[in-house]
Amino acid sequence: MMDIKYYRVELIDDATDKDSHMLIAATENPKTSLKFINGLRVFWVVELSYEQYVEKSRELAK
């Protein structure tokens, strides 16, 4: 059984130089498996604890 880990992924739009972020639950680090998400380049990945993931999710839902 694979362990699920939690990540905050920073994305950058190379055309406009604007950045954004998203939270991902995955079995492997998105930086190693993904180069682009929705046309945005994966720039930076931070692993979060489950508690941090839940807290950040609540912040984004506000």
Side-chain angles (χ1 to χ4, degrees):
M1 184 172 158
M2 295 184 170
D3 290 329
I4 294 177
K5 295 185 179 178
Y6 305 93
Y7 302 93
R8 177 184 167 125
V9 180
E10 296 289 329
L11 303 165
I12 191 160
D13 182 342
D14 289 325
T16 63
D17 207 29
K18 291 186 179 182
D19 63 347
S20 61
H21 68 273
M22 65 188 316
L23 300 175
I24 296 179
T27 56
E28 63 180 88
N29 187 325
K31 185 71 174 173
T32 60
S33 61
L34 297 172
K35 301 296 181 214
F36 292 90
I37 298 174
N38 293 335
L40 303 174
R41 182 169 49 92
V42 174
F43 180 69
W44 182 55
V45 176
V46 176
E47 187 172 338
L48 304 172
S49 69
Y50 177 75
E51 292 78 15
Q52 290 171 315
Y53 180 81
V54 170
E55 181 181 328
K56 296 288 185 192
S57 295
R58 287 182 180 148
E59 289 174 13
L60 291 174
K62 290 181 181 180

> Nearest 0.5 Å, what's the OH-CD distance between Y6 and E51?
Replying inline: 9.5 Å
>> Please determine whether the number of non-hydrogen atoms from other residues, nucleotides or ligands lying under 6.0 Å from atom NZ of K31 exceeds 12.
In response: yes
>> Return the CZ to CD1 distance between R41 and I12, rounded to the nearest 0.5 Å.
In response: 5.5 Å
> Going by heavy atoms in the side chains, are L60 and H21 under 4.5 Å from each other?
Replying inline: yes
> How about F43: does its CZ atom have over 12 heavy atoms from other parts shown lying under 6.0 Å from it?
Replying inline: no
>> If I take atom CD1 from residue I24 and atom CD1 from residue I4, how far apart are they, to the nearest 0.5 angstrom?
In response: 13.0 Å
>> Let me check something: do M22 and V54 share a hydrophobic cluster, defined by ILVMFWY side-chain heavy atoms less than 4.5 Å apart, either directly or through other members?
In response: no
> L23 and V46: same hydrophobic cluster, using ILVMFWY side-chain contacts below 4.5 Å?
Replying inline: yes
>> Just verifying a value: how many Å separate K35 NZ and L40 CG, rounded to the nearest 0.5 Å?
In response: 15.5 Å
> What pair of heavy atoms forms the shortest contact from N29 to T32, and how long is it?
Replying inline: O-OG1, 2.8 Å
> Which pair of heavy atoms, one from V45 and one from Y7, lies closest together, and at what distance?
Replying inline: CG1-CD2, 3.5 Å
> Side chains of L11 and N38: does their closest heavy-atom pair fall under 4.5 Å?
Replying inline: no
>> Are W44 and V9 linked, directly or through intermediate hydrophobic residues, by side-chain heavy-atom contacts shorter than 4.5 Å (ILVMFWY only)?
In response: no
